[in-house]
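Let me begin by presenting the structure, written as structure tokens, before commenting on it.
Keep in mind that what you see is a predicted model, and the values were worked out from it rather than measured. In what follows, every heavy atom counts, from backbone to side chain, and hydrogens, waters and symmetry copies are set aside. A, B, ... follow the sequence lines: proteins, then strands. Residue 1 opens every chain.
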Protein chains: 2
Amino acid sequence: MSDLLERLRGRGWRMTAQRRVVAEVLDGEHVHLTADEVHARAVAKLPEISRATVYNTLGELVTLGEVLEVTTDKRAKRYDPNAHRPHHHLVCARCGAIRDVHPTGNPLADLPDTERFGFTVSDVEVTYRGLCPSCASA
Amino acid sequence: MSDLLERLRGRGWRMTAQRRVVAEVLDGEHVHLTADEVHARAVAKLPEISRATVYNTLGELVTLGEVLEVTTDKRAKRYDPNAHRPHHHLVCARCGAIRDVHPTGNPLADLPDTERFGFTVSDVEVTYRGLCPSCASA
DNA sequence: ATTTGACTTAGACAATGTCCAGGGTAGGAT
DNA sequence: ATCCTACCCTGGACATTGTCTAAGTCAAAT
């Protein structure tokens with residue numbers, strides 16, 4: 001985590017209380033928080049922090065590749081601090097819970113050239129959907 | 001297309017001018033329209049149609065399984081009339097263009113039981129990302 | 001200690017989607 | 001053909017999420 005702060009400083013990030021707090025929140029719980037959830041937790045540590053700053057900081061972390069944006073539905077984007085180990089997501093269709101998963105196989109290799117339509121394909125996201133144990137039993 | 005209308009009528013759908021227009025728009029161009037784009041095209045055919053009705057109708061079509069919802073980013077959801085042939089999506093990271101693709105392999109089988117965390121997994125979406133030819137050359 | 005430009009703030013704004021009360025109508029019943 | 005009624009549509013208010021801006025603040029280089 002101080003790793004993260006070090007990396008960011010090394011990249012010319014100006015270190016501010018706000019940015020430190022956002023980074024701490026993301027690193028603290030390895031769950032997939034929405035921007036508003038990050039904001040709520042950040043406010044608990046630094047009451048004056050503004051919503052705009054949280055959005056800005058999350059955007060910068062995404063640009064820097066330190067955090068991944070996950071869009072599983074039309075609600076809020078979620079932020080995944082686990083950016084350095086490739087993985088995919090398993091989402092509960094009912095409650096929205098997300099788990100990181102590591103399928104076997106390589107989906108990138110499964111897209112033949114004839115199915116690429118001239119695109120430069122650089123990334124694949126695989127999203128598994130289903131019901132989590134508690135939603136399935138309800 | 002009248003297939004579609006027939007199927008819907010058979011399921012007890014009350015047929016109205018508004019619903020017919022929405023179905024026609026979706027069936028007319030097999031592209032991935034946003035709700036607002038559907039609304040714009042619907043208004044061209046039936047000027048009084050309201051936004052709420054378009055949203056409602058799209059939602060019903062999704063529930064009935066006639067249309068798929070595609071969420072590739074935090075902008076608008078898109079609606080895919082190609083609900084009856086399984087496929088995945090290739091998205092341009094710059095301009096948002098979407099193509100249907102058919103990768104080989106079976107990603108569902110690539111998720112071992114140990115990675116399912118007790119979820120009842122029912123579906124997989126694979127989203128390839130890259131740059132479309134025109135965005136890549138710009 | 002000074003300086004400077006990057007950072008933060010509050011709040012207005014934008015985009016998308018949802019909800020509601022009231023009026024309208026499709027399609028079955030007569 | 002007409003009537004009824006449950007279902008549908010409308011317009012607009014509202015909610016959620018995210019973006020932008022102008023002005024003030026502060027980290028860090030000097």
A:Glu24/A:Arg20 under side chain to side chain contact (heavy atoms under 4.5 Å, CB included): CA gap, chis, key distance, verdict: CA-CA 6 Å; A:Glu24 281 172 15; A:Arg20 191 162 22 238; 3.5 Å; yes
One pair to check against side chain to side chain contact (heavy atoms under 4.5 Å, CB included): A:Tyr79 and A:Leu33. What are the steps and the verdict? CA-CA 6 Å; A:Tyr79 292 89; A:Leu33 300 172; 5.7 Å; no
CA sep, side-chain torsions, deciding dist, call: B:Glu60, B:Trp13, side chain to side chain contact (heavy atoms under 4.5 Å, CB included): CA-CA 10 Å; B:Glu60 287 158 14; B:Trp13 236 42; 3.4 Å; yes
For the pair B:Arg78 and B:Glu69, evaluate salt bridge (charged side-chain N to carboxylate O under 4.0 Å, His left out) and give the outcome as yes or no after the intermediate values. CA-CA 6 Å; B:Arg78 292 175 174 276; B:Glu69 237 173 39; over 6 Å; no
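Formation of a donor-acceptor pair under 3.5 Å by the A:Thr53 side chain with backbone atoms of A:Ile49 is not found in this model. Proximity of a side-chain donor or acceptor of A:Arg19 to a complementary backbone N or O of A:Arg14 within less than 3.5 Å is detected. With A:His87 contributing its side chain and A:Arg85 its backbone, the two residues share a donor-acceptor pair below 3.5 Å. Under a 3.5 Å cut-off, the side chain of A:Glu115 and the backbone N or O of A:Pro112 do not form any donor-acceptor pair. A distance-only check finds no donor-acceptor pair linking the side chain of B:Arg9 to the backbone of B:Leu4 [under 3.5 Å].
Counting to the nearest Å, the C1' atom of C:dT16 and the CG atom of B:Leu58 are 13 Å from each other.
Hydrophobic clustering, with ILVMFWY side chains joined whenever heavy atoms are under 4.5 angstrom apart, keeps A:Ile98 apart from A:Leu68.
Residues B:Val126 and B:Pro107 are in side-chain contact: their nearest non-hydrogen atoms beyond the backbone lie under 4.5 Å apart. Two residues are said to be in side-chain contact when any heavy atoms from C-beta on lie closer than 4.5 Å; A:Asp80 and A:Val67 fail this criterion. The shortest distance between side-chain heavy atoms of A:Val54 and A:Val43 does not fall below 4.5 Å.
Contacts of residues 60-70 of chain B with DNA chain C (heavy atom under 4.0 Å): none. Residues of residues 33-43 of chain A having a heavy atom closer than 4.0 Å to DNA chain D, listed by number: A:Ala35.
Applying the salt bridge (charged side-chain N to carboxylate O under 4.0 Å, His left out) test to B:Arg99 and every residue at least two apart in sequence or in another chain returns nothing.
Bounding nucleotides for the chain A contact on DNA chain D, 5' to 3', at a heavy-atom distance below 4.0 Å, are D:dT17 to D:dA28.
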Indicate for each nucleotide in nucleotides 18-30 of chain C, in 5' to 3' sequence, whether protein heavy atoms under 4.0 Å reach the base (B), only the sugar-phosphate (S), or nothing (-). BB-----BBS---
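From one end of the helix from C:dA1-D:dT30 to C:dT30-D:dA1 to the other, with five pairs defining each end axis, the axis direction shifts by 30° (rounded to 10°).
Of the candidates A:Asp100, A:Thr127, A:Thr72, A:Asp100 is the only one forming a side-chain hydrogen bond (donor to acceptor under 3.5 Å, both in side chains) with A:His89.
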